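Here is the structure we will look at.
Computed from a prediction, not measured in an experiment: that's the story for all the values here. Convention: sequence-line order gives letters A, B, ...; per-chain numbering from 1.
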Amino acid sequence: MREHYRFGPIEAKWQKAWEDLRAFQAREDDPRPKFYCLEMYPYPSGRVHMGHVRNYSIGDVITRFKMMRGFNVLHPIGWDALGLPAENAAIKHGIHPRDWTLNNIAHMREQLKRLGFGYDWSREVNTCLPEYYRWNQWLFLKMFERGLAYRRKSWVNWCPQCRTVLANEQAQGGECWRCETPVVQKQTEHWFLKITDYAEELLSGHGRLQEWPEHVLLMQKNWIGKSTGTRLVFPVPEWKTEIEVFTTRVDTIYGATFLVLSPEHPLVERLLSDPNVSPPLREWAGRAVHEAHTRRDPAEIVKEGMDTGLKAVNPFSGEEIPVWLANYVLMGYGTGAIMAVPAHDQRDHDFAVKYGLPIRTVIEPEEGGEDRPEGLAFEGQGRMVNSGPYSGRISREAVAEMNRYAESKNFGRESTIYRLRDWGISRQRYWGTPIPIVHCPKCGIVGVPYDQLPVELPRDANLTGTEGSPLERVESFARTTCPKCGGPARRDTDTMDTFFDSSWYYFRYTSPKEDSLPVDRRAAEHWMPVDLYIGGVEHAILHLIYARFFTKVFRDLGLAGNDEPFPRYLAQGMVTKDGSAMSKSRGNVVDPDDTIARHGADALRLFILFASPPDKEFAWNEDGIEGCSRFLHRLWNTVRDCRRIFDEAAPSGADLQTGDGVSGLRRRTHRTIKRVTEDIETRVHLNTAVSSIMELVNHIRRAGEEAAATDAGREALREALESALLLLAPFAPHICEELWEATGHATPLVRTPWPDYDPGWASEEKAVIVVQVNGKLKDRFEIASGTPEDVLREQALSRPKVRAAIGRARVRKTVCIPDKLVNIVVG
RNA sequence: GCGGAAGUGGCGGAAUUGGCAGACGCGUAAGCCUCAGGAGCUUAUGGUCGCAAGACUGUGUGGGUUCGAGUCCCACCUUCCGCACCA
């Protein structure tokens, strides 16, 4: 072994060795229990960044740990290779998106290999290749057949910068999720996936996700936004039509003094088509529609509205009330129309006050509701008043009866609604999966037959970045014949949202070469579900909810048997530097390649795992990595020094049960094995696992000299040293392999089992008892573990310092906790 | 506004079940080694007071429960995150 630690050649050597060994290739016919460890696959932007390094380092520790623990581990990687940046690069630099993407992948693949991550590269998937995206098309057609994919005209979020339609989720806060440009509204036909069919199951499935962070479940729950109430119809006699509203407070209906429609409500179109409608109303409605979607800061939005002049009839009371339009009613939630109860809803109250509409109290607090604050609606439950036959009833109790009455009279029913909306997947871009649909003037919308898949992206699209869909202008692509009638027809020229790809890629890893179905059912049954999924919390809503949705669709299509893809999800924290996220715009990016060149992959991995727990933010700091680099050098030197000791007097397999200096080292070794095993296995607290390995190594250095004196000592030293290498191997695999080999092992570490600990050795022989007087620490003493309480008490009371602290005070009570402390209460 | 998470040394962070606060690492200081050091080794390192032994104090703030609270309860402050007129 060399005198000094040179990480460069060592890391290259072992990366090649693992590859030659096919150490990370997973096989279905392996009899050991399976473990599927998955990290979110990267977008091939060009370079691996620290967020990737962190994400994949965590996954690699789990992978290597589980392998050493005897599991058949599947640890795949691939590329989320379709999407906007490739196209923007093409426009900017004249490179074809395919070439740009494949070049980036080639470079990033090498970067990942240099980091020493143990992937099964034979399962690599790449979503921009037809071998992958043909299954997007296959899945789309299956969904189309089942009515899960459908086309409708709707207002869509349009990003003028990216020149594409965005899903609501991608336009949160009125800004494009990618470039933060304000989103505008357009009305077009496009494709939706009916995720709302699964709203209830996506919500109830949370019950099975106990191993998810609670806040992620909560975010999803809010996103799904289940709400139970009543649907009611208000007749509009003048137009011989009716307006349907949704309310959670049917008990307040006698206080409904007007109805409000969203400016986007379908009835508004009819209203405005009337030539007699007043110009101000027409103008206001048009403006409100536009503003409804370009809103920036919700706090700035002022409630505005106008009277339509129409009247509707309250189905319970028969009262005729005015119909208004107002900007505070959203078309996207419920029915797009509400009954306004100003006395019992703050928003309605504010609106009624502004426009002088009547406010009628119909609920009174059950006790002492005399001094209600001015200007505030009473939104609580209480006793019903002014409510016809229901007056005097308790509001909470009347709801069920009112629902039944509405249903019996056929003007309403109890109903559940969700905030979740169907997922718009059409994109007017080039670098995506073509939607496998043909538009025939005779037959209408026709799916491309399965035997004609994939519908391949044409290579020669003109990517200028100008308005409209690039595929629309590629005549050779767009012009086709109808699969049904054979007549001339046009292809759908939209491409799919790339979240479609990532919604099922984890299935594809289980059988990446399968060529008759998206996934081989037997392989899916073998590997699914993913046992641990690791990735950034920024995907807590979008990606994770879409993936859960797709898993349920796979199940319903008979492709797989699981309900949930990721029973355990670890939401990894952000990587920051100088107080903010690393980003090009802030200029605080640290390049992993530079760090590897300076300190090696092992030091980088070790540091990124050591500096904070995986689920917390990680603050980069240049000095910190030097500490880890120093630790690896120390480890190297320690092994080198110990080898000299072993060379001089080889361990003879002496009895490890004896020897005094030996037992301390042994206890520490076994305690460390226990601690590290539990930290990785149950808590995934990798930072504390690393620190206890550091402690063990530090201890070996101090104890080495003394231990070297006896046979038993040398044996204990060897045990400690080898344990340290085994425990550290998942974190810093290259140096550990090298040192493992240097200490005379023929089998590589990657094929060596994780060490077991002896519970007897892992427990303490002696306990330090803390003595408190009135809860204040006064003294401590060492005693054999398991010493009974009365002996502890006696010992504690006899200590001079304790006696001094007690003085002449009377001992009222003593509290004894075996192996821990004695607290003497005086006074 | 609603919901959630978190506040511990100069810094990143430990403290697994209510029981020694500050593990491990960084930084800092002194010393050793060295031709040299942005290398290595040793020691010290929450704060205040003290020559010292030691004493007091200390986990965002204020209360509470308890023999004992970083940990449990109540109120508040700050920061971060999510949602945001959701009927």
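- Comparing B/C20, B/G68, B/G13 by their nearest atom to the side chain of A/R780 picks out B/C20.
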Residue pair A/R640, A/N637: steps toward the side-chain hydrogen bond (donor to acceptor under 3.5 Å, both in side chains) verdict: CA-CA 5 Å; A/R640 184 194 57 206; A/N637 297 341; 3.2 Å; yes
Enumerate all atom pairs, one protein N or O and one N or O from nucleotides 16-18 of chain B, separated by less than 3.5 Å.
| from | atom 1 | to | atom 2 | distance (Å) |
| --- | --- | --- | --- | --- |
| B/U16 | O4' | A/R683 | NH1 | 3.3 |
| B/U16 | O4 | A/R675 | NE | 3.1 |

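- Here A/V329 lies in heavy-atom contact (under 4.0 Å) with a base.
- Residues A/S692 and A/R675 have side chains that never bring a donor and an acceptor to within less than 3.5 angstrom of each other.
- Between A/N687 and B/A14, a side-chain N or O to OP1/OP2 separation shorter than 4.0 Å is present.
- Counting any heavy atom pair closer than 4.0 Å across all strands shown, A/G627 reaches sugar-phosphate atoms only and no base atom.
- A salt bridge links A/R644 and A/D641; the closest N-O separation between the charged side-chain nitrogens and carboxylate oxygens is under 4.0 Å.
- Atom CG in A/D345 sits roughly 9 Å away from atom P in B/A87 (whole-Å rounding).
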Sequence-aligned protein contact record of nucleotides 27-46 of chain B, with B where the base is within under 4.0 Å of a protein heavy atom and S where only the sugar-phosphate is: S------------SS-----
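- For B/A75 and B/A23, the P atoms lie 34 Å apart once the distance is rounded to whole Å.
- Considering only the side chain of A/N327, B/C85 comes nearest among B/A14, B/A87, B/C85.
- Geometric assessment of A/R419 against the ring of A/W223 yields a positive cation-pi assignment under the 6.0 Å and 45° thresholds.
- For A/K801, whose side chain is taken as the heavy atoms from C-beta onward, the closest listed nucleotide among B/A87, B/G54, B/G19 is B/G54.
- Nucleic acid contact class of A/V825 (heavy atoms, under 4.0 Å, all strands): sugar-phosphate only.
- In the set B/G25, B/A14, B/G82, the nucleotide with an atom closest to the side chain of A/F610 is B/G25.
- Here A/Q772 lies in heavy-atom contact (under 4.0 Å) with a base.
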Secondary-structure string, 5' to 3', Watson-Crick or G-U under 3.5 Å, | for another-strand partners, for RNA chain B: (((((((..(((......[....)))((((((.......))))))((((....))))..(((((..]....))))))))))))....
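- The distance between atom CG of A/L218 and atom P of B/A84, rounded to the nearest whole Å, is 14 Å.
- Between the C1' atoms of B/A39 and B/G54, the separation comes to 40 Å (whole Å).
- With C1' as the reference atom, B/G60 and B/U43 are 34 Å apart, rounded to whole Å.
- Closest contact between the side chain of A/V768 and the listed nucleotides B/C56, B/C20, B/G12 involves B/C20.
- With its glycosidic angle within 90° of 0, B/G9 adopts the syn conformation.
- A/N823 has its CG atom 12 Å from the P atom of B/C20, to the nearest Å.
- Only one option out of A/Q772, A/E789, A/R793 pairs with A/T814 in a side-chain hydrogen bond (donor to acceptor under 3.5 Å, both in side chains); it is A/R793.
- Rounding to whole angstrom units, CE of residue A/M574 and C1' of B/A5 are separated by 13 Å.
- The two atoms that bring A/A540 and A/V216 nearest to each other are CB-CG1, 3.8 Å, heavy atoms only.
- Side-chain atoms of A/D422 and A/T196 form a donor-acceptor pair, as typed in the model, at a separation below 3.5 Å.
- If you take atom P in B/G37 and the same atom in B/C51, they sit 36 Å apart, rounded to whole Å.
- Candidate nucleotides B/G19, B/A23, B/G4 were compared by shortest atom distance to the side chain of A/I817, and B/G19 ranks first.
- Comparing the C1' positions of B/U42 and B/G46 gives a spacing of 23 Å, expressed to the nearest Å.
- Residues A/Q220 and A/H206 have side chains that bring a donor and an acceptor to within less than 3.5 angstrom of each other.
- Taking atom CG of residue A/L609 and atom P of nucleotide B/G13, one finds them 14 Å apart after rounding to whole Å.
- Which of B/G82, B/G3, B/C24 sits closest to the side chain of A/E695 comes down to B/C24.
- Residue A/S691 has its side chain nearest to B/C24 when only B/C85, B/U57, B/C24 are considered.
- A donor-acceptor contact closer than 3.5 angstrom is absent between the side chains of A/Y328 and A/E304.
- Rounded to whole Å, the distance from CG on A/L777 to P on B/G22 is 10 Å.
- Of the C1' atoms belonging to B/G70 and B/U16, the separation is 15 Å, rounded to the nearest Å.
- Taking a 6.0 Å sphere around CD of A/E379, one finds it holds more than 12 heavy atoms contributed by other residues, nucleotides or ligands.
- In this model, no donor atom of one side chain and acceptor atom of the other lie less than 3.5 Å apart for A/T335 and A/E244.
- A distance of about 16 Å separates the P atoms of B/G10 and B/U45, rounded to the whole Å.
- Remark: A/K303 is not positioned above the aromatic ring of A/F351, lacking an NZ or CZ atom under 6.0 angstrom from the ring centre and at most 45 degrees off the axis.
- Heavy-atom distances to RNA chain B give each of A/I824 and A/S612 a nearest nucleotide, and the one nearer the 5′ end belongs to A/S612.
- A/W324 and A/Y355 have their aromatic ring centers within a separation under 6.0 angstrom.
- Distance from the side chain of A/K820 is smallest to B/G19 among B/G13, B/A87, B/G19.
- With hydrogens and angles left out, the side chain of A/K303 and the base of B/C85 share a donor-acceptor pair within 3.5 Å.
- The CD1 atom of A/I769 sits 12 Å away from the P atom of B/C20 (whole-angstrom rounding).
- In plain terms, the two heavy atoms of A/S395 and A/Q381 that are nearest each other are OG-OE1, 2.7 Å.
- Considering only the side chain of A/K813, B/C67 comes nearest among B/A87, B/C67, B/G3.
- With ring centers used as reference points, A/F631 lies 6.0 Å or more from A/F607.
- In this structure, CZ of A/F258 is placed 12 Å from C1' of B/A87, rounded to the nearest angstrom.
- Contact between the side-chain N/O atoms of A/N698 and the OP1/OP2 oxygens of B/G25 is found at a separation under 4.0 Å.
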